[in-house]
Visitor: 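Mind having a look at this structure? Questions to follow.
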Amino acid sequence: MLELREAALAILASDDAQDKVSRLLKLFDEYQNQHITLDVAQKIDAQDLDLPGRPLKPELVLPKLVPKRRMDTTEGRAGLLHSLAHIEFNAMNLALDAIWRFPDMPKEYYEDWLKVAKEEAYHFSLVNEHLRSLGFSYGDFPAHNSLWEMVERTTDSVIARMALVPRTMEARGLDAVPSIRDRFKQIKEVRAVEMLEIILNDEIGHVLIGNRWFNFLCSKDKLSPISAYRELAAQYRAPVLKGPFNMEARKQAGFSTEELDLLGA
Ligand SMILES: [Fe+2]
Ligand SMILES: [Fe+2]
């Protein structure tokens, strides 16, 4: 029988986006139907794999070299959706990476990240479909890789990963999505608005999962979440949080009142 963490690594290594999506959805179903085992103790070696597996395109460039996205041209809107598609592609990768890389977490940790991975595959498909309806596809524009770079910086520590990837990088999505949604609302692109509502709602759940496991690890090591976050953000050179913040979404995503107050200060 297949083992979940090994299977997650194999899918992470796949260099075809569509293949990654369909294998991931299948893995989720098979795990639900108890056709997959879970070995939390196994230390998996991925040294000779080039991670994440990704198609030759998009070309990866520095954030400032990603073209500006104008809403008044089809190409501009496609460019914006393409950036989103790339984020969802890497979000699938980061959820798979959280599963295979870190041993000795409770079973629910792996199940939570499997659910995130499945939802990211759905988001990627939604965005990609919309992109296609505009005559473009994933790979047509250059993309930047900040999200994956934070994943790579935190390969040695599950608490750093939880602090800085879901609770920092994905949480920025909670702040950013509403204004993107409103830009599509203005031009009455209803399907894009609906898609962004789904994404925003699911992303609250992903950040909540990040918070759950970050707080779990903090209490296990008797750390204060506030000072542990501050130290990890400095140690791993996390981006400095910049407002405006989506306080309501962040509250739903499990940040404590104290943490929210610090953002507002
Ligand atoms: Fe997503
Ligand atoms: Fe996410």
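Both ligands and their constituent atoms are indexed starting at 1 by order of listing. If you're wondering where the values come from, they're calculated on a predicted model, not measured in any experiment.
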Visitor: Closest to the Fe ion (ligand 2), which N/O/S atom of E170 is it?
Guide: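 Considering only N, O and S atoms, E170 comes nearest to the Fe ion (ligand 2) through OE2.
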Visitor: So among L12, D15, V151, which one has a side-chain contact (heavy atoms from CB on, under 4.5 Å) with P52?
Guide: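 So the option named by the test is L12.
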Visitor: Salt bridge or not between D140 and R132? Use side-chain N to carboxylate O under 4.0 Å.
Guide: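 Salt bridge absent between D140 and R132.
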Visitor: With no hydrogens and no angle check, is any side-chain donor or acceptor of R153 less than 3.5 Å from a backbone partner on R237?
Guide: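 Between the backbone of R237 and the side chain of R153 there is a qualifying donor-acceptor contact (under 3.5 Å).
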Visitor: Looking at the Fe ion (ligand 2), is one of the N, O or S atoms of D202 less than 2.8 Å from it?
Guide: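 No - counting backbone and side chain alike, D202 has no N, O or S atom under 2.8 Å.
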Visitor: Considering just N/O/S atoms, say which atom of H123 is closest to the Fe ion (ligand 1).
Guide: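 The H123 atom nearest to the Fe ion (ligand 1), restricting to N, O or S, is ND1.
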Visitor: Aromatic contact between F141 and F136, with the criterion being ring centroids under 6.0 Å apart: yes or no?
Guide: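 Yes - the distance between ring centres of F141 and F136 falls below the 6.0 Å cut-off.
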Visitor: What N, O or S atom of H206 is found closest to the Fe ion (ligand 2)?
Guide: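 Of all N, O or S atoms belonging to H206, ND1 is the one nearest the Fe ion (ligand 2).
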Visitor: So, of the N/O/S atoms that E88 has, which is the nearest one to the Fe ion (ligand 1)?
Guide: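 The atom in question is OE1.
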Visitor: Quick check: of its N, O or S atoms, which one does E203 have closest to the Fe ion (ligand 2)?
Guide: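 Checking each N, O and S atom of E203, the shortest distance to the Fe ion (ligand 2) belongs to OE1.
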Visitor: From the N, O or S atoms in E120, identify the one nearest to the Fe ion (ligand 1).
Guide: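 E120's closest N, O or S atom to the Fe ion (ligand 1) is named OE1.
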Visitor: Please check this pair: side chain of S83 against backbone of A143, looking for a donor-acceptor N/O pair closer than 3.5 Å.
Guide: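 No; judged by distance alone, with no hydrogens or angles, the pair does not exist.
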Visitor: Looking only at the aromatic ring of each residue, does the gap between the centers of Y138 and F124 stay below 6.0 angstrom?
Guide: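 Judged by ring-centre distance (under 6.0 Å), F124 and Y138 do meet the cut-off.
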